[in-house]
Amino acid sequence: MDIQLQQVSYAYAKGTPFEKQALHEVDLTIKSGTFQAIIGHTGSGKSTILLHFNGLLKPSSGTVKIGDRIIEAGKKAKDLKTVRQKVGIVFQFPEHQLFEETVLKDIMFGPMNFGVSEEEAEKRARELISLVGLPEEILDKSPFDLSGGQMRRVAIAGVLAMDPEVIVLDEPTAGLDPRGQKEIMDLFYTLHKERGLTTILVTHSMEDAARYADSVAIMHEGRCVLTGDPRTIFSDRQTLAQFRLEPPRIVRFQHQVEKMMGKTLEKVCLTEEELAVEIGQAIPKGREQQ
Amino acid sequence: MMEKMIFGRYIPGNSFVHKLDPRSKLLFVFAFIIVVFFANNVVTYALLLAFTLLVILLSRIRLYFLINGLKPVIFLMLFTLILHLFMTREGPVLVDLGFIKIYEEGLRQGMFISMRFLMLVFMTSILTLTTSPISITDGLEVLLDPFKKVKLPVHELALMMSISLRFIPTLMDETDKIMKAQMARGSDLSAGPIKDRLKAVVPLLVPLFVSAFKRAEDLATAMEVRGYRGGEGRTKYRQLKWMVRDTAILVVLVLLGVLLWMLRS
Amino acid sequence: MESSRSISTSSEKTKDLIITSLLISLVFVATFFINIRLPIAANGGLVHLGSAMLFIIAILFGPKKGALAGAFGMALFDILSGWTLWAPFTFITRGLQGYIVGKIATMHGKNGGSFIYNLAAIVISVPFMLGGYYICERVLYGNWVIPLASIPGNLVQNAVGLIIAIPVCIALKKLPLFK
Amino acid sequence: MSEILSFNQVTYSYTPEEPHTRNAVEDVSFTINKGEWITIVGHNGSGKSTMAKLMSGLLMPQQGEIRIKREILTEENIWDIRSQIGIVFQNPDNQFVGATVQDDVAFSLENNGVPHEEMVKRVHNALRQVKMEDFINHEPHHLSGGQKQRVAIAGALAMHPQILILDEATSMLDPQGREEVLTIVEALRKEIDLTVLAITHDLEEALLADRIIFMNAGKKYAEGTPEEIFALGDDLVQFGLDMPFAMKMTKLLQAQGVQLVGQHMTEEELVNDLWTSNFNK
Ligand SMILES: Nc1ncnc2c1ncn2[C@@H]1O[C@H](COP(=O)(O)OP(=O)(O)OP(=O)(O)O)[C@@H](O)[C@H]1O
Ligand SMILES: Nc1ncnc2c1ncn2[C@@H]1O[C@H](COP(=O)(O)OP(=O)(O)OP(=O)(O)O)[C@@H](O)[C@H]1O
Ligand SMILES: [Mg+2]
Ligand SMILES: [Mg+2]
């Protein structure tokens, strides 16, 4: 399912003295099956744009196409439910949305709102709980008796249970310890690969954007100023700096190494593993024996 | 971070009224509410009206804001006027449409009561337009101080007010986030069958309570580490300064009251 | 929530004070910000959840917090949205209502867990609320008839509040937080 | 070096009546000297925040003792001791008490009965120290997360504390906010000889410390300089953490057959080693 934003503008508190233009004529296309990262300085409009992906906000002007649904400024959008089922959002600190008596019921809440039968919803919950790395016993516990990391996983399972085609992530790993962060990101990456989920990641972590994304979009002061593949985007230090961003650590390190060697490597590396191989090849091997 | 505070009517400014001490403003409004009821004839009402206009001028509040504030009550005012017009049957008949007669006394009463109402709304609005909620709280805390003697926990009440004011924007933000998150899971307060809309309240309020409690716990911890242990032995950072102008405005109001009392019929 | 041995009394008091403050904020937020669209003529069908929130708080936390949250939360709403003149009346009336609901719902050791008591609590509080506003507005408008105009609106508010509060209380009662 | 804070076999459980659940903090001992920067690292739920609460007397240990400036922490002296400790917590919103920036900074001064003139002086000073004096009248919802945390630090500084505890004070912030806060803390340490105890998951942040205490499941797993702790390598990963970037890179490079002399904490060291071991021969 492609998502396409055309000339989308959005203003909060429109028509009051507090009006705040958060998006300016944003054009952005996210092709079905891609892993799209959206990066940008705080307040650049990332979260606002994300709310347009399933009709939680309606553009003040412009159009949003979600699959074959079109949400247009000024027109009444009916039956957004189908859209919301297909585009799941994992918000920042998703554990704050838990409310049911048991974990099982909470995971079933989303799908049942979209008309899935109780048996089917329960089946999905049982499948997903192990997918997110939790034991099945947890299904009968109250979500409020779990640790922060466990709650986060339950909330994510609750979104996945809706069986969306597109999943939108707003800083899904904030506050977790490094292992938790890695596990959650790897989970989404596996889902993206294995189930072909279109994945949209909003993040402050250039490292995650570099490691996982096929395509990166930069937001700056409400505008989508740049889109492209991560290698190109992250190798351009000047442009990034202009939008108050830094390249990922790995790219900065590559830069240092290149300066030291006095020559550039074959390609811009986005993961540690890649860079290690590149450096390994660039090192003058013959001299080791001298 | 979010500039989404669209509540509250305080408009910062530097006028004479803005600069008054919140205590004198509170006392003033309180006394004014009493004085208003002294008026009962054309002269006294005219005097009151002139005085109200003077205060509006001194506050340098754009009339737009005052009128805007009237919106919710305009209907009530008209209603009062019309009821008085038609229901009072005293004095000479002014208009006679056969089935409806409007009497002079009805017109007088209607006008007076609507005017009284208008002046009360204006004066109380000026108070909240020129005084931030937190200064009102400060003012009340000091004014209520004598009631500590009768075991009224004045300090606690004032602190409570200031904390709840402080957390209103935060909780509004939180509410908005939870609403969006649950909408994304297909539960919506504003769309769908009525039964579903009512059902959507639970997924909103439960997390809201949970979050409020988490915040309360964190805040209690933070306050305690910073040495909070009740009102005793505390000093105050915000100091109120009573100036000549504060005394002056109260004196003027008292004089007005005396004058109205003498002129009323 | 934490073990008894680590908590001195001063900290319990502080926590209690803060919880009350946040309950006040919640009443305000529900009145000002949480609307639900219902097919009722009044207000274009938008009904706020202020009364519901007040009932919920009174039922779950008893008369004292119910009274404080109702009085301060609702009066604050009046002050901050152009009804300043009504604030003192609201303070008294809603405070009284919160107190009554809380008192009845927690009577006889019921602790807000009994459907019948909760229902009775809200129903009994309604005449007090209506009466309170009636008397106050009588003073304001100098007339016995005009204040009658606000009664239907107030009734709707209370009815919606009741319909929402009762099930939400049941849901909240199941939380570890309120056990 | 003079001791400023110590734990001696401290144990704490939130549920002492349930012997089967593990203690939140178990048998932890360590000593911190004046002027040090100590970092506590550990996975979620490893007991870090509980330790911070124990230090400030918000919780009292069931076993063992805690000393602040060699004085045992008891119910009697907690208020005195709290006035010497400043804590900044994780969530910037949940610790902002005042209506505006200056009120918030003044809060602890008010609680301790500091006279008005003195308060005004200290509030301005503290705000200057965290570079927030231009925001003196701002309300919290008009500040960014990093700014709120700086106000929280100012609130602590106003009491002229001996120890500043940061309990994941940067973990909810964006990279800029994090940078802002850390820069301020580093500057302060030089300026006023503060002892800093930072709790964090962020290993790059942990590198700034003189010493690291590594917690695992309520117990102290290891203690030492950053070099010593990060030399634990895979243990870090196993107990929920990660290795700093330069170390990970070193390992990967060595696996590629690149010659390197040792373990490296920082990128500069690594680049230098790459140079000397491979090019500059
Ligand atoms: N509900 C709201 N009301 C008014 N203004 C808002 C609201 N939400 C966001 N804004 C403003 O819109 C702009 C964009 O905000 P948005 O939350 O989309 O940024 P962001 O890129 O997600 O930032 P962050 O990285 O901090 O999450 C900001 O200037 C913000 O202050
Ligand atoms: N108020 C509480 N009541 C009961 N158990 C608690 C409470 N607070 C923490 N715990 C438990 O104590 C243990 C240690 O928690 P603590 O908050 O100290 O961990 P932490 O290292 O700070 O974790 P994080 O990195 O997530 O902040 C955890 O197992 C946690 O579940
Ligand atoms: Mg955002
Ligand atoms: Mg912690």
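Here the structure is a predicted model, which means the values were calculated and not measured. Each chain gets a letter, A, B and so on, in the order its sequence line appears, and its residues count up from 1.
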Exercise. Above 12 or not: heavy atoms from other molecules or residues under 6.0 Å from OH of C:Y134?
Worked result: yes
Problem set entry | Non-hydrogen side-chain atoms of B:L165 and C:L76 separated by less than 4.5 Å | yes
Exercise. Any side-chain heavy-atom pair from B:L157 and C:F72 closer than 4.5 angstrom?
Worked result: yes
Problem set entry | Approximate separation, where rounding is to 0.5 Å, of C:F32 CZ and B:L171 CG | 13.5 Å
Problem set entry | C:L22 portion near chain B, given a 4.5 angstrom heavy-atom threshold | both
Problem set entry | chain B contact via C:I34 - side chain, backbone, both or neither, heavy atoms under 4.5 Å | both
For this session: Give the ring-plane orientation class for B:F117 versus C:W86, where under 30° counts as parallel, over 60° as perpendicular and anything between as tilted.
Result: perpendicular
Exercise. At what distance, to the nearest 0.5 angstrom, does CG of B:L205 lie from CD1 of C:I164?
Worked result: 8.0 Å
Problem set entry | Point-to-point distance, once rounded to the nearest 0.5 Å, from CE of B:M179 to CZ of C:F33 | 5.5 Å
For this session: Tell me, out of C:I18, C:L68, C:I170, who's got the most heavy-atom pairs with chain B below 4.5 Å.
Result: C:I18
For this session: Would you indicate whether C:F89, at its atom CZ, is surrounded by more than 12 heavy atoms from other residues, nucleotides or ligands within a distance under 6.0 Å?
Result: yes
Exercise. Which region of B:M123, side chain (C-beta onward) or backbone (N, CA, C, O), has a non-hydrogen atom less than 4.5 Å from a non-hydrogen atom of chain C, or is it both or neither?
Worked result: neither
Exercise. Got a donor-acceptor contact below 3.5 angstrom from the B:S164 side chain to the C:S25 backbone?
Worked result: no
Exercise. In terms of heavy-atom pairs under 4.5 Å with chain C, which of B:V206, B:T221, B:V202 leads?
Worked result: B:V206
Exercise. Between atom CZ of B:F209 and atom CZ of C:F61, what is the distance when rounded to the nearest 0.5 Å?
Worked result: 5.5 Å
Exercise. Which bit of B:V29 comes within less than 4.5 Å of chain C, counting heavy atoms only: side chain, backbone, both or neither?
Worked result: neither
For this session: Decide if atom NZ of C:K64 counts as having more than 12 heavy atoms of other residues, nucleotides or ligands within a radius under 6.0 Å.
Result: no
Problem set entry | C:L23 CG to B:M160 CE distance, which is reported to the nearest 0.5 Å | 9.5 Å
Seminar exercise, completed: One option among B:G230, B:P153, B:A216, B:A212 has the most heavy-atom pairs under 4.5 Å with chain C, and it is B:A216
Problem set entry | Shortest non-hydrogen contact from B:L189 toward C:I36 | O-CG1, 3.7 Å
Exercise. How many angstroms lie between atom OG1 of B:T124 and atom CD1 of C:I79, to the nearest 0.5 angstrom?
Worked result: 10.0 Å
Exercise. More than 12 non-hydrogen atoms from neighbouring residues, nucleotides or ligands closer than 6.0 Å to CZ on B:F30, yes or no?
Worked result: no
Problem set entry | Option that, when pairs with chain C are counted at under 4.5 Å, heavy atom only, ranks first among B:R166, B:R215, B:E156 | B:E156
